[in-house]
Every structure is written in structure tokens, then in C-alpha cells.
Asks: 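Below you will find the structure I want to go over with you.
Every heavy atom of this structure was used, including side-chain atoms; hydrogens, water molecules and symmetry mates were not. Predicted model, so just to flag it, every value in this text is computed and none were measured. Chain letters run A, B, ... following the sequence lines, proteins first, then strands; residues in each count from 1.
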Protein chains: 2
Amino acid sequence: MKTNKNTQRRQELVQIAARLFCDQGYETTTVRMLAEAMGIQSGSLFHHFKDKQEILFAVIDSGMQHAIAIAQRALQQAQTPQQKLFALAKAHLSTLLEDRDAHVVAIYEWRSLSVDSRARLVELRDAYEALWIEAMDEALAAQLITGDTALRRRLALGALNWTVQWYQPQGRLSPDDLAQALVAMVLNQTAVNQFY
Amino acid sequence: MKTNKNTQRRQELVQIAARLFCDQGYETTTVRMLAEAMGIQSGSLFHHFKDKQEILFAVIDSGMQHAIAIAQRALQQAQTPQQKLFALAKAHLSTLLEDRDAHVVAIYEWRSLSVDSRARLVELRDAYEALWIEAMDEALAAQLITGDTALRRRLALGALNWTVQWYQPQGRLSPDDLAQALVAMVLNQTAVNQFY
DNA sequence: GTCTATAACAAGATAGAC
DNA sequence: GTCTATCTTGTTATAGAC
């Protein structure tokens, strides 16, 4: 079983699968559709992936790895708790936008993963949320927020993830505006340009 | 085609379908599974519903009708803009909790609806959101909030809908606590017991 | 690494008896 | 309103040649 190699070809196929899964849903997308979009026959697909579910796993896994990397890089340039929360919100939004297919799939097709796959991805999700938990704790220590930081984090991540439902980056609201509004809401502040 | 009657039997079947669709997803749930849970044979199912998709529509339609009714009733006892927003948040949460199956299905299986079904349900969703828009506008007029009320509404509804992912009503956080925290966040206030 | 051909099975839906 | 029996189609996945 040499289907686990991270070849460039495989990454291309994963991108294509992400698009189809995002547009039509995992169950509705057949291996024949995937193969056609990839320019091969359906039988050839199973040279790259053990089964259909492994393609779904690869899509979500890749999206999450990417999200963690972007968030960590964004945090390196932030100093204060506000800056860190803003950096995380911005990073979250840009991953949702740049890697939208994979994240829509992660949100909607979680259930179709095998139990083992889910367990592996939960670890990644926990690693990602740990970045938020740390920033929220720092904000709490700096007395920028009070009370239940876990609740604030969940409300904030919920509001962020829900943006895939309505947010149009080409609209009047820039990703930065959106990130600022969110951080202001999380911090219970009304000022807007305090993050730089 | 007398499949459109709102018989009591049909309502029971819709409830059962909601549970299966919620637990396993629409596409993964077969008509045979549905029939078994309903205590009938798969052929008999098509006496009640034209096709599988009509069952999905009935589940989501019923959940949305219910949500609107609960929200309207909750608003009748509210006076101030704060009270109205709190009433809406509480109503939204109790619908999500009491009618959880249907709303999880509404969130996750929207894509599997026919174009016509979607259009009819969009009308219901708009009617529901109109209640929020009105309350937010009143909060704006009362200078409780400033800026982009549409953005605040979307962030709030996103945070609320995302609660299906993590909220456990039997945990330490009551639905009232959650609704209060949300309204406080929407209104950029830190005080907690100002709503009564 | 891709092809063709096909195995093996499950899906939604219908027909007609009761 | 429910049953049994079945049609028709589409699905994932495999085998073996190239």
C-alpha cells in the first residue's frame, strides 16, 4: 500500500477532490466524477488512494495542516494579546478564504470520515484550538476580558466558521474589517482601530 | 398525489426521519433504514412521501415553522431592544435544543434539497431573520450598538448556530447563561444581569 | 501510472395484491 | 395504508493487460 506518499500529483488530486466535495458534497460525488475531473479513469484513482474515504481524509487533513501553519506564522509577528487575537482571527479568515473548499468539506463532511480518521483529525483540531486558548488566557491575564474564556472562544470560532455561509470577500467588507469586528466583539470593545 | 397532507402520522414519520438524517446524514440514510425505523416496509414509505427528497424538505420545513412560531411568541413578552434580543437568542437556543435534529439537518443537508424546495425554505429563513433585523434596528435606534448591524447579526447567528457543535444543555452553562453571554457580546457590554 | 472490463452489491422507486 | 416482489440504475472497488 504505497498510497500514503505525499507526491505532488497526489496534492493536485486532493485539490480537485476538495472542489468537487465542496460543490456537491462527499456522498453525492462519485469516484467517476472525481476521476473525470482529474483527467483519468475511475479505476486509476485507486492507485493513488486506498478508497474513497481516504480522499476525504486527505482533503480535510491538508486543510487543517495548512490552517495551523498559517496561524502559527501569524502569531510570530504579534506581541500583545489583542494583536494575537487579531492575528488569529485574520489567519482563520484567510484560511477559510484561500482554502475554502477544504474547510467547507471539513465542516460539512466530518460525519463521513471513519472513526480512525476522525480521531487523527481531532488531534489537529485540538492543536489549532490550543493556539486560541493560549491567546485568550493571555487576554484574561491582561484583564482585557473577564469570565468564561472557553465560552468566548467557542462563540468566536462559531461566528468565524459560519462566515463561509455568507461572507463575500469581494464585497464592501474586507477580511481585515471582519477580523477587527470579531475581535472587538470577543473583547467587548467598540473601538475599531486599536490593533496596530 | 395526496402526499402533501399534514396528517399526524406524517408528522411522526417526519420526526423519525429527522433523527436518522441528523445522526447519519441524508445521503447515507437509505429509504430502507427510514422504513425500518418507522416500522413499515420501504415500499410503504412512498405512500406518504413522493420521494426521498420530500422527506428532507418536510423535516427542515417543520423545523423552521417551529422556530418562527417560538421566536414570535418570545417577542410578545419583550419590550426594550435588549429584552427583544435576549428573547430572540433564548428562543433560538431553545429551538436548537428542543428541535435539534431538524435544525442540524437544516444546517448540514441544505445542499441535498431541490432548487424549488430551497426557494420555498429561503422565504421562511428570510421571515425568521426579519425578526432579528427589526430587533437590531431598534437597538441601533436606541444607540445600544453602532456600526454595521447586519454584520453583528450574522456573527451572532453564526455563533448561535455553531452551538450545535459543542453545547451540552446539561452542562454547567444554562441556556439562559448562553443567551445572555451572546447578547452581551452582540451589544459589546460586559454586564450580565441587565436584561430583566 | 493508466487503461478496459467487470464483479458485487446497494440504491431509489414502482406495481399490483390485500 | 401496508405488503411483497422486482425493475432499473448507479455505486465502489478489483483484476489484469499495457
Side-chain angles (χ1 to χ4, degrees), chain A residues 1-21 23-60 105 109 111-117, chain B residues 1-60 105 108-118:
Chain A
M1 192 191 308
K2 37 180 67 177
T3 51
N4 269 337
K5 285 204 210 150
N6 238 15
T7 63
Q8 205 211 321
R9 177 76 175 135
R10 200 176 196 261
Q11 282 299 322
E12 288 171 20
L13 300 184
V14 168
Q15 291 268 331
I16 292 168
R19 200 185 66 239
L20 295 194
F21 289 163
D23 288 350
Q24 333 193 23
Y26 171 74
E27 298 290 348
T28 319
T29 306
T30 68
V31 293
R32 290 192 241 274
M33 289 170 170
L34 290 167
E36 193 190 352
M38 295 166 179
I40 54 179
Q41 297 298 311
S42 68
S44 311
L45 226 169
F46 295 92
H47 175 78
H48 300 277
F49 304 95
K50 179 174 133 280
D51 55 20
K52 192 188 172 192
Q53 192 266 162
E54 190 179 282
I55 310 178
L56 177 61
F57 176 83
V59 166
I60 301 181
V105 172
E109 312 294 352
R111 215 176 359 208
S112 294
L113 291 163
S114 74
V115 177
D116 284 359
S117 298
Chain B
M1 192 192 308
K2 35 180 66 174
T3 52
N4 269 336
K5 286 202 210 149
N6 237 13
T7 63
Q8 205 211 320
R9 177 76 175 135
R10 200 177 197 260
Q11 282 300 319
E12 288 171 20
L13 300 184
V14 168
Q15 290 270 329
I16 293 168
R19 200 185 66 239
L20 295 194
F21 289 163
C22 174
D23 288 350
Q24 333 194 25
Y26 171 75
E27 298 290 349
T28 319
T29 305
T30 67
V31 292
R32 288 173 173 85
M33 288 170 172
L34 290 167
E36 193 190 351
M38 294 165 178
I40 54 178
Q41 297 298 312
S42 68
S44 312
L45 225 168
F46 295 92
H47 175 77
H48 301 276
F49 304 94
K50 180 174 131 281
D51 55 20
K52 191 187 173 193
Q53 192 266 160
E54 191 180 279
I55 311 178
L56 177 61
F57 176 82
V59 166
I60 301 180
V105 172
Y108 285 101
E109 311 294 352
W110 189 261
R111 211 174 4 203
S112 294
L113 291 163
S114 74
V115 176
D116 285 359
S117 299
R118 268 204 285 263

Asks: Taking the minimum atom-to-atom distance to the side chain of A:R9, which one of C:dT2, D:dG1, D:dT12 wins?
Replies: C:dT2
Asks: Please report the distance, rounded to the nearest Å, between CE in B:M38 and C1' in D:dG1.
Replies: 14 Å
Asks: Could you work out, with side-chain contact (heavy atoms from CB on, under 4.5 Å) as the rule, every residue matching B:S44, not counting sequence neighbours?
Replies: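 For B:S44 the side-chain contact (heavy atoms from CB on, under 4.5 Å) partners, ignoring immediate neighbours, are B:I40, B:Q41.
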Asks: What do the steps show when you test A:Y26 against A:K52 for side chain to side chain contact (heavy atoms under 4.5 Å, CB included), and what is the final call?
Replies: CA-CA 9 Å; A:Y26 171 74; A:K52 192 188 172 192; 3.5 Å; yes
Asks: Partners of A:F57 by ring pair (Phe, Tyr, Trp, His ring centres under 6.0 Å), sequence neighbours excluded?
Replies: none
Asks: Rounding to an integer number of Å, can you tell me how far B:D51 CG sits from C:dG12 C1'?
Replies: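 Roughly 9 Å, once rounded to whole Å.
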Asks: According to a strict under-4.0 Å criterion, is B:H47 in side-chain N/O contact with OP1 or OP2 of D:dG1?
Replies: yes
Asks: Check nucleotides 3-7 of chain C against the protein and report each pair of N or O atoms closer than 3.5 Å, with its distance, or say if there are none.
Replies:
{"residue": "C:dC3", "atom": "OP2", "partner": "A:Q41", "partner atom": "N", "Å": "2.5"}
{"residue": "C:dC3", "atom": "OP2", "partner": "A:S44", "partner atom": "OG", "Å": "3.0"}

Asks: Tell me, please, which residues at least two apart from B:R9 pass salt bridge (charged side-chain N to carboxylate O under 4.0 Å, His left out).
Replies: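 Expected list: B:E12.
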Asks: Grab the NZ-C1' distance between B:K52 and C:dA13 for me, whole Å please.
Replies: 12 Å
Asks: Check the distance between D:dT2's P and B:L45's CG and give it to me in whole angstrom.
Replies: 10 Å
Asks: Can you name the salt bridge (charged side-chain N to carboxylate O under 4.0 Å, His left out) partners of B:R111, sequence neighbours left out?
Replies: A:E109
Asks: Once you round it to whole Å, what is the distance between P of C:dA11 and CZ of B:F46?
Replies: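 Roughly 12 Å, once rounded to whole Å.
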Asks: I need the NZ-P distance between A:K50 and D:dA13, as an integer number of Å.
Replies: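 One finds 8 Å between P of D:dA13 and NZ of A:K50, rounded.
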Asks: Within a radius of less than 6.0 Å around CD of A:E36, do more than 12 heavy atoms belonging to other residues, nucleotides or ligands occur?
Replies: no
Asks: Looking at B:R10 and B:N6, what are the two nearest heavy atoms and their distance?
Replies: NH1-OD1, 4.3 Å
Asks: Please name all residues satisfying side-chain contact (heavy atoms from CB on, under 4.5 Å) with B:Q24, sequence neighbours left out, ordered by chain then number.
Replies: B:L20, B:T29, B:M33
Asks: Go through the structure and list residues passing side-chain contact (heavy atoms from CB on, under 4.5 Å) with B:A17, not counting sequence neighbours.
Replies: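 side-chain contact (heavy atoms from CB on, under 4.5 Å) check on B:A17 returns B:F21, B:L34, B:M38, B:I55, B:V59.
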Asks: In chain order, what residues pass the salt bridge (charged side-chain N to carboxylate O under 4.0 Å, His left out) check against B:R118, with sequence neighbours excluded?
Replies: none
Asks: Expressed as a whole number of angstroms, how long is the span from B:E36:CD to D:dT4:P?
Replies: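 Taking atom P of D:dT4 as the reference, CD of B:E36 is at 13 Å.
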Asks: Starting from the first five and the last five pairs of the helix from C:dG1-D:dC18 to C:dC18-D:dG1, work out the angle between the resulting helix axes, to 10 degrees.
Replies: 10°
Asks: With a 4.0 Å heavy-atom cut-off, tell me which residues in residues 23-30 of chain A come close to DNA chain D, sorted by residue number.
Replies: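 Within this stretch, A:T29, A:T30 sit under 4.0 Å of the strand.
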Asks: Taking side-chain contact (heavy atoms from CB on, under 4.5 Å) as the definition, give me every residue that meets it alongside B:D51, ordered by chain and number, with sequence neighbours left out.
Replies: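 By the side-chain contact (heavy atoms from CB on, under 4.5 Å) rule, B:D51 matches B:Q53, B:E54.
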Asks: Quickly work out the B:F49 CZ to C:dG12 C1' distance and round it to whole Å.
Replies: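 About 15 Å, once rounded to whole Å.
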